[in-house]
Amino acid sequence: MSIIFDEKHNTVHLTNGHISYIMQLMDGKYLLHRYFGSALRSWNNTGVPRPAKRSYTTEYGDSQIYFDALPWEYPTRGRGDYRLPAMTVAGAVGAPISELIFCSWRVLDKKPESIVLPMTFTGTGKSETLVVECTDEVSGAELTLYYTIFDGVDIIARQQRIVNTGSTPIHITNLQSVSLSVPAGDYDLLTLYGCHAQEANISRVPLHQGVQSIGSSYGSSSPRHQPFWALLNPNTTEISGQVYGCLLLYSGNFAAAVEQDSFGAVRAQMGLGDSSFCWMLEPGETFETPEALLTYSSQGLNGMSHNFHNVLRNHLLPTRWRGVPRPILLNSWEAMYYEVSLSKIEIQARLAKELGIELFVLDDGWFRKGNDSRSSMGNWECNVSKLPGGIEAVADLVHGMGLQFGLWFEPEAISRDSQLFRTHPDWILQLPQVSPREGRHEYLLDLGRDEVCDYLLQVLHRYLGTGKIDYIKWDMNRPMTDAASNALSPEHQAEVPHRYILGLYTILRQITAAYPHVLFEGCSSGGARLDAGMLAYFAQNWTSDNTDAKERAAIQSGFSLIYPPEVLGAHVSIIPNHQTGRITPLDTRFDVARLFNLGYELDLTRCTDEEREAIARQIETAKFDRDWLQKGIFYRHPVIRPGDRMWSMVSADQNRCIAVIFRTLYDPLGEQAVFRFCGLNPTRNYRDMETGAVYGGDELMALGLTLPPRKQDFTTQCIFIQAE
Ligand code: DGJ
């Protein structure tokens, strides 16, 4: 891994032997992007397009170089480049125009940290960071670009920081985390879109001339679009072909846009904020962008996913939980909803323990006045008429049975019918003179205010400080409206959504550091805020409120493009399913969950003896495999029939593999199905642990195994092979 400066070509080249990222200085003052892709030994001005004539636009001196045709590394607006800018700021002059001039570049051995934003860290590996300093000649702002390359991880992490060195405020309306120039060509744009209980659907469309964009103005990253894009060659599949991927470490409003110009060249960007974003940077202040992760793979979409999984596992997830097996849990929600009671908890927990479950999670309901979502958020006092003795008594009961105890919170929300609202009505996000909208009978607390964050920290310390809580489910069910603060002057109001996220990160950073042994699970009505920013604090996340096995197969496949399976909560739940009414076999529900973060969300008193025995066997198998599954390499395999899914997990040492084949509806044509393995060692032999047959890794990957027919809908088949 190295960062190499080449004075002959005025370039800097970041490489780790797998990927290369190259920039070039033009005339010692303009920074151009030259290459991102498979590693090069060196770069000698190859592949630079002939200077393209852009008649009747602006030229650079007499040199026949047109600003509108250059592959700018960090483009600005108003000086002759008419494509998407990465930076739009206005200083004392008032015009949102910038002229970004290179000042210097250098290498840091230590990766810079942020005091507020989640960022990747070097960890036990190695990394180097390139720092490029520039000045905006118009606003006077100093902009620093950071590029980190990691050893053994095919990722470039990027971040920007801007300092106002002048004496008047600077208005920032756009500061991208990433702007990437991609050579002219045919590309598909792949993104993940969705809604509540239907998250992470794949959209793959051909790129066309003009701008294609996604984003969120939900206040959170939202279920609408993931803060992620991939640019692929049209013939790229799951297992082959070129992919550029980008992921933003941010949990609030974001925007991503890809522009193909009239000549086919592409500029792809992503950063915080929606179209209303504006930040007033006072003299002497610094503003930093969220970090973004760029990857390149020539191994298809699985290759891209492996790069993301690798960086998130080793350089972002809380260190305490890296590679650590997660407890198998029983969550109370679908069995009890708001109607929780000590006797129900006791019986469910006792049965759970008998089946081998390790953690009992008490979901919503424990603090509510009634049995609905109308009251009591904010004070977080247990309703002792439902649970005499309070939460400590519940924790003692559950611990007494030999289980860990987990508790649900939604700290960011507040009910109108709550003591906190009566005491501090000004603590919510609201506009003066306009009554705030309610969502799920909730308002949002103004997390941009220090006193609100301090209050929430006190509440959490009150519970966690007892030492009786092993797990927190941190929910957030309320998209943002009325994003205005009682504590800010009018010129800072547009900053509220970002200030909220900064407050949230501050709380999460402090509380997770204070209780490193507590497992925090992120949730936002399912996956409405499942993003890489949250992964810095939440080692696991509730993937979707839709727990139907068929729907989950699609949702988990979608999220697996970005996130490693062990961070995605997957529960075996009640049938008929509460979201779809569908009935699927118990085996199918388990198989769809088993490669992910396995849990149960069932009323165990309603299971038959046979079902309970089957669940006990499932849990035994899951415990046997979870160590290596947690660190395994996950593959999505191409399927012929829409709705079917084929996955496999190969252990990091290539000794074992579990394949899961999910079929939606029985189809006679499906009887010809073959499962071809991926990622095995071609020189080793593997035994099919069910049939005892032995095959070469090479033949299992080239030809695969023929799947036995199954005359049933919503079935799964699993193949477990082990190296000889
Ligand atoms: C939404 C979550 O996704 C559910 O799992 C559950 O925790 C409810 N909130 C509780 O209100």
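Order of appearance sets the numbers: ligands from 1, and atoms from 1 within every ligand. In this text, all values refer to a predicted model and were calculated from it rather than measured experimentally.
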Task: side-chain contact (heavy atoms from CB on, under 4.5 Å) between N577 and T584, intermediate numbers included - done: CA-CA 8 Å; N577 181 268; T584 52; over 6 Å; no

Task: Residues E566 and K631 bridged, charged N to O under 4.0 Å - done: no

Task: D363 and S332: side chain donor to acceptor below 3.5 Å - done: no

Open item on the list: Check this for me: does any side-chain nitrogen of one of K550 and D548 sit under 4.0 Å from a carboxylate oxygen of the other?
Closed with: no

Task: Sidechain-backbone polar pair: S415 side chain, M377 backbone, donor-acceptor under 3.5 Å - done: yes

Task: Sequence-distant partners of R626, salt bridge (Lys or Arg N to Asp or Glu O under 4.0 Å), two or more places apart - done: E358

TODO: Check each protein residue for a heavy atom under 4.0 Å from ligand 1 and list those that pass, ordered by chain and number.
DONE: W333, D363, D364, W408, R440, K473, D475, N477, C523, S525, G526, W542, D545

